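Below is one structure, written out as C-alpha cells; the observations come after it.
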Amino acid sequence: MAKSHTAGEVDWERVRSAYPEQQPLLNLNNAAVSPPPLVVEQVTLDAYRLVNHNPDRNMWSHLDLGLPEAKAELAELIDCDPGEIALNRNSTEGLCTAIFGIPLAAGDQVVISPWDYPSVRAAWFQRQEREGIEVVTADYDLMDGDDEIFEAYAAVLTPRTRVLQITHMSHWTGRVVPTKRLCRLAKDNGTLTVVDGAQTFAQMPVSFRDLACDFFITSLHKWMGAPVGNGMLVVREGVIDRTWPLLAPFDPPPLGVDKFDHWNLGTYNSALQAGILPAARFHREIGAEAVHARVRELTRYWVERASGIPGFRLHTPLDTESLGAVSLFSIDGLDARAVEQELRESHRIHVKYREVRHLSGMRVSPHIYMRESELNRFVEALAEVVDKQSV
C-alpha cells in the first residue's frame, strides 16, 4: 500500500500551486472530472508532441513501453497485482467490459440498485432484453443506515443470483455503501461482484484485496488527476480467463488481463496514457488518507456555513467518516436548476444539477486544490441567489 500522510502534514497551499488555475468558473464539479496537476499536463503535452513527430513508432514502440510501470504504480495504490489491471478510457468502458463479459444464461439473476449510474443500469437491462437474464432491484434510500442498505441487498439475493452490482459511492449524493460487507455476502452466496469505484479510488483509501470483490472499475481522470480519457479495470485473477473482453482481441490474442486492455481499440491516444504515471506518483506523495481527510474537511466547512441559509437541505449523511468531497443539497421552494444557472451566470461558480427518483438538487464536489476562501465565496453567492429568487 502507498505511504499515508495526515491532512495536517500536507502544505495545501503548495498543493494548490501544483494545479492550473480554474477559469472561467470556480470548479465545484470535480466529481465529473478533475484538472490534472501541472506536472501531469506537461508530461502529456510533451508526449503528444513526441507522437506528432513520428506517430507510428513513437506511440507503439516508445510511449507504450512505460505502461507496465504505470500499472505497477496503480497496483500499489489500489492494492492488487499488476497482472489484474487493465487500462481503458473511463469507468463506463470498464463497467461495460464486466457487464457484457460475465457469462450468463437466461434466468440468471443480477442485482442492481436504483442509484447505480444510468449507463450501468442500461447495460444490465440490455442484457435482460437480449438474453433473458433477470435484473432485480435492491431498493433503499441513500439516507438509510448501512444496516438497512445491507438488508435491502440481502433480501433479494437468491440461489439464482449470479452478479451483484455495487456502486461504492453514489455519484448523486456521495453516499458510500457498505461495500466490503456486501462483497462478503455475495461471496457466501456464490455471486460475483462488480464494484463501481468511479468516485472512491484516489478520493479515499481503497484496497482491492480488502474489498474482496471480483471487478473494481474507476476513472483515473476524476480524483487521481490523470488526463481526461483514462480509466482502470481491476479483475480478480481467478475470473480473468472466464470473462469475455468487450472488444474482440487483435491477432495474436493477448493473454491474461491484457485482453481487456486498450490494445483492442485499434488506434488510441498514447499521449493521454503517458500522464497516468506522474498522476499516480503525485497522488502517492500526498496519500489517499490525507486526500480523504482534506476533502471531508472542505465538505464540512462549506456545509456548516451554508446551513443557516433559509431552506437549505442536505441530502448527504454528514456525520460519518466515509463522507468525502461529494454532496447534494437543495433549497426548499426553489428550482435547483434556476439556482445552478444563476450561480454560473452571475457569480461564475459551477455546481452540477442532479435529479434522480425523488431527489433533485445541486451537487458540490471540491478537490484538494481548493481554498476555504473559495468556498466562502460560493456560500456567499448562494445566499445572495437564494435571497433574490425567494423574493
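Here the structure is a predicted model, which is why all the values come from computation and not from measurement. The basis for the numbers below is simple: all heavy atoms, side chains too, and nothing from hydrogens, waters or symmetry mates.
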request  = Specify the closest pair of heavy atoms between Leu104 and Glu131, including all atoms of both residues, with the distance to one decimal.
outcome  = O-OE1, 4.1 Å
request  = Report yes or no: do Val303 and Met370 belong to one cluster of Ile/Leu/Val/Met/Phe/Trp/Tyr joined by side chain heavy-atom distances under 4.5 Å?
outcome  = yes
message = Does this structure show an ion pair linking Glu380 with Arg305, if we count only N-O contacts that are shorter than 4.0 Å?
response = no
query = Can any side-chain N or O of Thr218 pair as donor or acceptor with the backbone N or O of Met232 at less than 3.5 Å?
reply = no
Minimum side-chain heavy-atom gap Val15-Arg294 below 4.5 Å = no
key: Residue pair Ala138 / Val111: nearest heavy atoms and the distance that separates them   = CB-CG1, 4.1 Å
ask   = How long is the gap from CG on Leu343 to CD on Glu384, to the nearest 0.5 Å?
value = 9.5 Å
Spatial distance of atom CG (Asn264) from atom OG1 (Thr97) [nearest 0.5 Å] = 9.5 Å
task = For the pair Tyr19 and Phe282, name the ring-plane relationship: parallel under 30°, tilted 30 to 60°, perpendicular over 60°.
result = perpendicular
note = Per side-chain hydrogen bond (donor to acceptor under 3.5 Å, both in side chains), Gln341 is matched among Arg344, Arg337, Glu345 by Glu345
ask   = How close do Pro317 and Thr320 get, heavy atom to heavy atom, and via which atoms?
value = O-CG2, 3.6 Å
inquiry  = If hydrophobic clusters are built by linking Ile, Leu, Val, Met, Phe, Trp and Tyr wherever their side-chain heavy atoms come under 4.5 Å apart, do Ile149 and Trp172 end up in the same one?
reply    = yes
inquiry  = When you compare the side chain of Thr299 with that of Val364, does any pair of heavy atoms fall below 4.5 Å?
reply    = no
request  = Return yes if some donor-acceptor pair links the side-chain N/O of His367 with the main-chain N/O of Leu28 below 3.5 Å, else return no.
outcome  = no
message = Take a 6.0 Å sphere around NE2 of His62 and say whether it holds more than 12 heavy atoms from other residues, nucleotides or ligands.
response = no
ask   = Is Arg16 salt-bridged to Glu21, cutoff N-O under 4.0 Å?
value = yes
key: Check: Asp261 side chain, Leu87 main-chain N or O, donor-acceptor pair, under 3.5 Å   = yes
key: Any Pro178 side-chain heavy atom under 4.5 Å of Tyr153 side chain   = no
key: Residue pair Arg162 / Ile102, side-chain heavy-atom distance below 4.5 Å   = no
ask   = What are the two closest heavy atoms between Gly361 and Ser330, and how far apart are they?
value = CA-CB, 4.2 Å
query = When you measure from the side chain of Asn30 to the backbone N and O of Ser365, does any donor-acceptor pair fall under 3.5 Å?
reply = yes
message = Salt bridge check, Asp147 against Arg181: does any charged N sit closer than 4.0 Å to a carboxylate O?
response = yes
ask   = In Å and rounded to the nearest 0.5 Å, what is the CG to OG1 distance from Leu211 to Thr193?
value = 8.5 Å
Test: Asp258 and Lys71 ion pair at under 4.0 Å = yes
key: N-O pairing of Glu76 and Arg284 below 4.0 Å   = no
ask   = Are the charged groups of Arg236 and Asp81 less than 4.0 angstrom apart, N to O?
value = no
key: Side-chain donor/acceptor of Arg175 to backbone N/O of Asp144, under 3.5 Å   = yes
Worked check of side-chain contact (heavy atoms from CB on, under 4.5 Å) between His347 and Arg377 = CA-CA 9 Å; His347 298 275; Arg377 173 187 157 198; 5.8 Å; no
task = Determine yes or no for a side-chain-to-main-chain donor-acceptor pair under 3.5 angstrom, with Arg121 supplying the side chain and Ile112 the backbone.
result = no
key: Leu220 CG to Gln273 CD distance, which is reported to the nearest 0.5 Å   = 9.5 Å
query = Can you find a heavy atom in the side chain of Trp223 that is under 4.5 Å from one in the side chain of Gln199?
reply = yes
ask   = For Arg313, does the CZ atom sit with more than 12 other heavy atoms under 6.0 Å from it, leaving out its own atoms?
value = no
task = Give the cluster check for Phe378 versus Tyr353: same hydrophobic cluster or not, with ILVMFWY residues linked at side-chain heavy-atom distances below 4.5 Å.
result = no
message = Tell me whether Trp60 at atom CH2 has more than 12 heavy atoms from other residues, nucleotides or ligands lying less than 6.0 Å away.
response = yes
query = Between Asp141 and His358, do the side chains contain an N or O donor and an N or O acceptor separated by less than 3.5 Å?
reply = yes
Any side-chain heavy-atom pair of Tyr369 and Gln22 under 4.5 Å = yes
message = For Asn269 and Tyr48, which I'm curious about, is there any donor-acceptor pair between the side chains at under 3.5 Å?
response = no
ask   = CG/Asn189 to CZ/Arg184 distance, rounded to the nearest 0.5 angstrom?
value = 14.5 Å
key: Sub-4.5 Å side-chain heavy-atom contact between Val39 and Arg281   = no
Ile276 versus Ala70, closest heavy-atom pair with distance = CG2-CB, 4.1 Å
inquiry  = Tell me whether Glu237 at atom CD has more than 12 heavy atoms from other residues, nucleotides or ligands lying less than 6.0 Å away.
reply    = no
note = Heavy-atom nearest pair, Val386 first then Pro310, reads CG1-O, 3.9 Å
request  = May I ask you to decide if Met362's main-chain N or O and Glu340's side chain share a donor-acceptor pair within less than 3.5 Å?
outcome  = no
OH/Tyr117: more than 12 non-hydrogen atoms of other groups inside 6.0 Å = no
query = Phe216 vs Phe201 aromatic rings, parallel, tilted or perpendicular, using cut-offs 30° and 60°?
reply = perpendicular
query = When hydrophobic residues are tied together by side-chain contacts of less than 4.5 Å, even through go-betweens, does Ile99 share a cluster with Leu164?
reply = no
inquiry  = Testing Arg300, Glu304, Arg296 one by one against Leu318 for a side-chain contact (heavy atoms from CB on, under 4.5 Å), which residue passes?
reply    = Arg300
ask   = Using 30° and 60° as the class limits, which term best fits the ring planes of Trp302 and Phe312: parallel, tilted or perpendicular?
value = perpendicular
ask   = Without hydrogens or angle criteria, can the side chains of Thr167 and Asp116 be said to hold a donor-acceptor pair below 3.5 Å?
value = yes
query = Could you give the distance from CG (Asn54) to OG (Ser61), rounded to the nearest 0.5 Å?
reply = 9.5 Å
ask   = Where the side chain of Asn58 meets the backbone of Leu50, is there a donor-acceptor pair that is under 3.5 Å apart?
value = yes
message = Could you check whether Tyr268 and Asp64, counting side-chain N and O atoms only, form a donor-acceptor pair closer than 3.5 Å?
response = yes
Contact check, side chains of Val228 and Leu272, non-hydrogen atoms, under 4.5 Å = no
request  = Without swapping roles, check the side chain of Ser91 against the backbone of Ser219 for a donor-acceptor pair under 3.5 Å.
outcome  = yes
ask   = Are Val43 and Leu63 joined in one hydrophobic group, where the rule is that I, L, V, M, F, W and Y side chains link up if heavy atoms are under 4.5 Å apart?
value = no
key: Step-by-step side-chain contact (heavy atoms from CB on, under 4.5 Å) determination, Thr137 to Val156   = CA-CA 8 Å; Thr137 300; Val156 296; over 6 Å; no
